[in-house]
Amino acid sequence: MLPLVLTLLLPWVSAYIPERTEEKIIGGQTCVPHSQPWQAALFVSKNFHCGGVLVSDQWALTAAHCNHWNLRVVLGKRNIYQEEPFQQLIRVKLRVTHPKYSSRNLKNDLMLLYLENPVNLTPQVWPIQLAEACATPGTTCQVSGWGTVSSPFVKYPSTLQCAEVSILSMAKCKKAYLRYGITPGAMCSGTERGGKDACRGDSGGPLVCNGTLQGIVSWGMEHCGLARYPGVYTNLCLYQTWILKEMQKQKKQ
């Protein structure tokens with residue numbers, strides 16, 4: 001079976017980085033099989049499109065810039081190239097993009113996906129709880145996805161990858177991206193030495209802190225994993241009211 005064509009939708013900022021001396025490998029490892037049962041893979045036709053995350057038996061979250069009219073959500077996957085016994089494929093019935101999303105600067109980069117049918121909840125397919133409070137700087141979190149494991153030259157893994165990163169203060173986040181601007185609703189996560197980061201293909205995937213969903217992969221530099229340029233995520237603790245309100249709307253219909 002030929003590998004699927006991976007669509008690169010993470011809108012990394014292209015820029016010249018002074019004093020760039022080496023290419024750093026995105027420092028993750030293969031996730032323990034089915035240790036991330038909330039991880040979703042979004043497909044358009046047969047092509048992998050973005051990451052996502054299951055938040056109830058009929059709702060998933062992803063980045064707004066991953067929007068496409070023909071999305072299908074696949075859950076319970078480990079190997080992105082193969083059909084697997086635990087996977088579930090469900091069409092998207094309704095896409096709810098945040099009303100104030102801006103494609104220009106990726107402000108409010110968040111989208112809810114209402115699935116055509118409830119998923120069959122199993123140990124391999126299980127939703128994650130939304131974080132009720134914002135994570136404090138220094139909190140260790142885990143990001144996961146099927147994005148490239150090297151940068152700037154892309155190399156896509158077959159199996160789901162996990163990496164540990166830490167939440168940065170908003171002051172450090174804004175300082176890192178002074179030229180580009182950090183919008184309200186975004187946050188940064190990475191490591192002091194770099195080398196661990198989300199990258200192309202990880203858009204929409206989960207950032208999990210203390211067992212709850214804290215963020216969604218949004219954007220970063222074209223050259224991922226640089227020490228001074230952490231990954232940028234949608235900070236979900238600031239959107240909990242909107243998320244729950246939209247989910248309740250559908251229940252009443």
Side-chain angles (χ1 to χ4, degrees), residues 9 11 36-42 49-75 88 90-121 125-136 139 141 143-145 167 170 173 181-189 198 202-219 231-253:
L9 275 194
Q36 319 297 311
W38 44 80
Q39 177 79 45
L42 274 53
H49 186 65
C50 270
V53 55
L54 188 70
V55 292
S56 82
D57 66 347
Q58 206 165 354
W59 286 95
L61 280 172
T62 189
H65 74 261
C66 291
N67 198 357
H68 192 282
W69 67 271
N70 191 28
L71 285 178
R72 296 186 299 164
V73 174
V74 185
L75 298 154
Q88 298 181 44
I90 304 177
R91 294 186 180 278
V92 174
K93 183 176 182 180
L94 179 68
R95 291 166 287 130
V96 186
T97 303
H98 193 280
K100 294 186 178 180
Y101 166 64
S102 170
S103 59
R104 181 182 62 83
N105 60 4
L106 297 185
K107 185 178 181 180
N108 304 307
D109 191 13
L110 183 62
M111 180 169 63
L112 273 161
L113 303 175
Y114 184 59
L115 308 180
E116 195 170 59
N117 300 297
V119 302
N120 179 27
L121 295 181
V125 176
W126 198 263
I128 188 170
Q129 182 181 344
L130 292 168
E132 295 181 359
C134 296
T136 56
T139 300
C141 306
V143 60
S144 54
I167 301 293
M170 185 54 69
C173 187
I182 294 295
T183 62
M187 65 176 179
C188 291
S189 192
D202 287 320
S203 285
L207 180 71
V208 176
C209 309
N210 298 320
T212 59
L213 182 63
Q214 196 75 55
I216 291 289
V217 177
S218 183
W219 61 275
V232 182
Y233 298 76
T234 303
N235 194 0
L236 294 181
C237 64
L238 304 177
Y239 295 91
Q240 188 181 52
T241 300
W242 176 79
I243 291 168
L244 296 178
K245 183 180 177 182
E246 291 299 327
M247 291 169 68
Q248 285 297 321
K249 273 186 191 178
Q250 199 61 33
K251 273 189 178 181
K252 294 176 181 178
Q253 293 181 7

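Throughout, residue positions are numbered sequentially from 1 according to the sequence presented. The figures that follow rest on heavy atoms only: side chains count, while hydrogens, waters and symmetry mates do not.
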Under 3.5 Å donor-acceptor, S56 side chain and Q58 backbone: yes
By side chain to side chain donor-acceptor pair (under 3.5 Å) - contacts of Q36 (at least two apart): Q142
Pairs touching residues 238-247 that satisfy salt bridge (charged side-chain N to carboxylate O under 4.0 Å, His left out), sequence neighbours left out: E246-K249
By ring-ring contact (aromatic ring centres under 6.0 Å, His included) - contacts of Y114 (at least two apart): W59
Side-chain donor or acceptor of Q248 paired with backbone N/O of I243 under 3.5 Å: no
Any residue meeting ring-ring contact (aromatic ring centres under 6.0 Å, His included) with W242, in chain and number order, not counting sequence neighbours: H98
N108 side chain to K100 backbone, donor-acceptor under 3.5 Å: yes
Results of side chain to side chain contact (heavy atoms under 4.5 Å, CB included) for P37 - residues two or more places apart only: W126
Verdict with supporting geometry, W38 and L213, side-chain contact (heavy atoms from CB on, under 4.5 Å): CA-CA 10 Å; W38 44 80; L213 182 63; 6.0 Å; no
Check: E116 side chain, K93 main-chain N or O, donor-acceptor pair, under 3.5 Å: no
D109 side chain vs A64 backbone, donor-acceptor pair below 3.5 Å: yes
For T139, all residues meeting side chain to side chain contact (heavy atoms under 4.5 Å, CB included), sequence neighbours excluded: A135, T136, C141, I167, C209, N210
Spacing of I216 atom CD1 and L207 atom CG [to the nearest 0.5 Å]: 9.0 Å
